Amino acid sequence: MNYLEEISSFMQQGRAPKVKELVSQALEEGIPAKDILEQGLLAGMSVVGEKFKNNQVYVPEVLIAARAMNAGVLILKPYLTEEGVEATGTVVLGTVKGDLHDIGKNLVKMMMEGKGLNVIDLGVDVAPEKFVEQAVTHNADIIACSALLTTTMGEMKNVVDLVRSKNLDFKIMIGGAPINDNFCKTIGADYYTPDAASAADKALEICAS
Ligand code: B1M
């Protein structure tokens, strides 16, 4: 088994110390951080997701796997982001109301901060009113919403409707596993990006324009 397969395997087992050790070793061996994230940690999480769907694992095992994933991501953080860049804009970020998934949202935050953006992280289960109130308070450029459930993605429309009804000019970015460009257009959001790195690139582009 190579490093990436081993990282995926230990992540699925939720063995955080082993994941940390292997991620560090893989970096020392010169394996790019992006490959460790995508082919190790995210690959492992996708196997966990399949098993979760098929009732082969349950919430506690998924939470333990998520903790192992976060432990690995923390080690990768300095390698995935650029240090010392100046703040260029403010993003209010959160997972929408009714949704408790935050691993993808945290990756988005990490990548955006790595681009020098000031990120106000509202956490999970964020109501549309809170997104808007916090964006006004922090004079944000962007409201960024994450959703992982088909049952909560509709909350994004509520955020868009609230922003438009108040004639506010925040750009609205959306993303998460069930989201696509078509949905973005349907609800009238401004931008959909498929992953954390492209979300950070797009946010920087918006703030710089
Ligand atoms: Co949940 N869960 N879960 N879960 N969970 C999914 C999402 C599911 C697909 C699993 C499955 O059935 N295969 C399924 C949703 C089905 C659907 O709606 N179609 C599901 C379900 C059903 C549920 C519960 C309802 C289960 C239950 O209780 N019966 C429940 C809901 C709780 C709630 O939110 N109210 C639930 C609970 C949980 C846990 C708490 C156990 C745990 C979350 C822990 C946590 O987040 N702290 C969990 C997990 C871990 C998952 C899976 C296994 C992994 C999600 C994840 O973190 N992926 C997931 C299955 C899967 O996705 N394969 C599943 C890794 C992460 C990096 O990817 O978040 O997609 P993701 O982020 C990506 C992109 O989407 C993008 O960037 C990232 C990559 O760079 N991205 C953005 C994300 N946000 C973005 C925002 C952007 C741009 C890009 O711009 C703003």
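Indexing begins at 1, ligand by ligand and atom by atom, following the structure's order. All heavy atoms count here, side chains included; hydrogens, waters and symmetry mates do not. Since the model is a prediction, treat every value here as computed from it, not as a measurement.
The shortest N/O to N/O separation between S46 and ligand 1 does not fall below 3.5 Å. Backbone and side-chain nitrogen or oxygen atoms of E50 are examined, and none is located within less than 3.5 angstrom of a nitrogen or oxygen of ligand 1. Between A66 and ligand 1, a contact under 3.5 Å exists for no N or O pair.
A heavy-atom distance below 4.5 Å is found between the side chains of K77 and E113. With a 4.5 Å cut-off on side-chain heavy atoms, M45 and I103 count as touching. In this structure, D125 and D99 have side chains that are not in contact, with every pair of non-hydrogen atoms separated by 4.5 Å or more. No side-chain heavy atom of I142 sits less than 4.5 Å from a side-chain heavy atom of L93. Within the 4.5 Å cutoff, the side chain of L42 has heavy atoms near those of the M69 side chain. Side-chain contact between I75 and V19: absent, with no pair of heavy atoms (C-beta onward) separated by less than 4.5 Å.
Here the heavy atom of the protein found nearest to atom 18 (O) of ligand 1 is T150 N, 2.9 Å. For atom 65 (C) of ligand 1, the nearest protein heavy atom (residue, atom name, distance) is M45 CG, 3.8 Å. Of all protein heavy atoms, the one closest to atom 80 (O) of ligand 1 is A196 N, 2.9 Å. In terms of protein heavy-atom proximity, atom 35 (N) of ligand 1 is closest to G98 O, 3.0 Å. With respect to atom 81 (N) of ligand 1, the closest heavy atom belonging to the protein is G176 N, 3.6 Å. Of all protein heavy atoms, the one lying nearest to atom 40 (C) of ligand 1 is L63 CD2, 3.9 Å. Counting only heavy atoms of the protein, atom 33 (C) of ligand 1 lies nearest to L100 N, 3.6 Å. Remark: minimum distance from atom 84 (N) of ligand 1 to any protein heavy atom is reached at S146 OG, 2.8 Å.
Across every non-hydrogen atom of H101 and T95, the tightest pair is O-OG1, 2.9 Å. Contact detail for G89 and C207: the closest heavy-atom pair is CA-SG, 3.9 Å. Considering all non-hydrogen atoms of both residues, Y58 and F52 come closest at C-CE1, 4.2 Å. Across all their heavy atoms, Q12 and G44 have their closest contact at CG-O, 3.5 Å.
Near D99, meaning under 4.0 Å from one of its heavy atoms, ligand 1 places the atoms 34 (O). Per-residue contacts place A199 under 4.0 angstrom from the following atoms of ligand 1 (heavy atoms of the residue considered): 88 (C). Ligand 1 places these atoms under 4.0 Å from at least one heavy atom of L107: 67 (C). Every atom of ligand 1 with a heavy atom of V59 under 4.0 Å away is listed here by number and element: 41 (C). Near D195, with a cut-off below 4.0 Å to any heavy atom, the atoms of ligand 1 are 76 (C), 77 (O), 80 (O), 89 (C).
When heavy-atom distances to ligand 1 are checked against a 4.0 Å cut-off, L42 comes that close only through its side chain, counted from C-beta outward. Counting heavy atoms under 4.0 Å from ligand 1, residue V108 touches it through the side chain alone. Under 4.0 angstrom from ligand 1, the non-hydrogen atoms of D102 come from both its backbone and its side chain. Using a 4.0 Å cut-off between heavy atoms, A65 makes no contact with ligand 1 at all.
Distance check on atom 29 (N) of ligand 1: every protein heavy atom falls at or beyond the 4.0 Å cut-off. Distance check for atom 91 (C) of ligand 1: a protein heavy atom is found below 4.0 Å. Remark: atom 8 (C) of ligand 1 lies closer than 4.0 Å to no protein heavy atom. Shown here, atom 52 (C) of ligand 1 is out of close reach of the protein: none of its heavy atoms lies under 4.0 Å off. In this structure, atom 59 (C) of ligand 1 is not in close contact with the protein, since no protein heavy atom lies within 4.0 Å of it.
At distances below 3.5 Å, at least one donor-acceptor pair connects side-chain atoms of D141 with backbone N or O atoms of T90. Counting only distance, with no hydrogens or angles, the side chain of D102 and the backbone of K105 share no donor-acceptor pair below 3.5 Å.
A single hydrophobic cluster is seen to contain both F10 and V57, as judged by linkage of ILVMFWY side chains at heavy-atom distances under 4.5 Å, directly or through other members.
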Test salt bridge (Lys or Arg N to Asp or Glu O under 4.0 Å) on K202 and E205 and set out the steps. CA-CA 5 Å; K202 179 54 77 182; E205 187 188 311; 3.2 Å; yes
Does the pair S46 and E50 meet the rule for a side chain to side chain donor-acceptor pair (under 3.5 Å), with working shown? CA-CA 6 Å; S46 128; E50 262 314 289; over 6 Å; no
Quick one, N106 with D121, criterion side chain to side chain contact (heavy atoms under 4.5 Å, CB included). Give me CA distance, side-chain angles, the key distance, then yes/no. CA-CA 9 Å; N106 293 343; D121 182 1; 4.1 Å; yes
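Within the protein, the N, O or S atoms sitting under 2.8 Å from atom 1 (Co) of ligand 1 are H101 NE2.
When hydrophobic residues (I, L, V, M, F, W, Y) are linked wherever their side-chain heavy atoms come within less than 4.5 Å, the members clustered with V132 are V92, V96, I120, L122, V126, F131, V136, I143, M153, M156, V159, V160, L162, V163, L168, F170, I172, I174, I179, F183, I187, Y192. With a 4.5 Å cut-off between side-chain heavy atoms of Ile, Leu, Val, Met, Phe, Trp and Tyr, the cluster of V47 takes in none.
Closest heavy-atom approach to atom 76 (C) of ligand 1 within the set A197, P194, G44, G175: this belongs to P194. Closest to atom 72 (O) of ligand 1 by heavy atom, among A200, G104, S198, is G104. For atom 75 (O) of ligand 1, the choice among A203, C145, A177 with the nearest heavy atom turns out to be A177.
Evaluation of the salt bridge (charged side-chain N to carboxylate O under 4.0 Å, His left out) test over residues 165-188, restricted to residues two or more places apart or in two chains, returns D181-K185.
With salt bridges taken as basic N to acidic carboxylate O contacts below 4.0 Å, one links D190 and R164.
Contact analysis puts T193 in contact with ligand 1, with a non-hydrogen atom separation below 4.0 angstrom.
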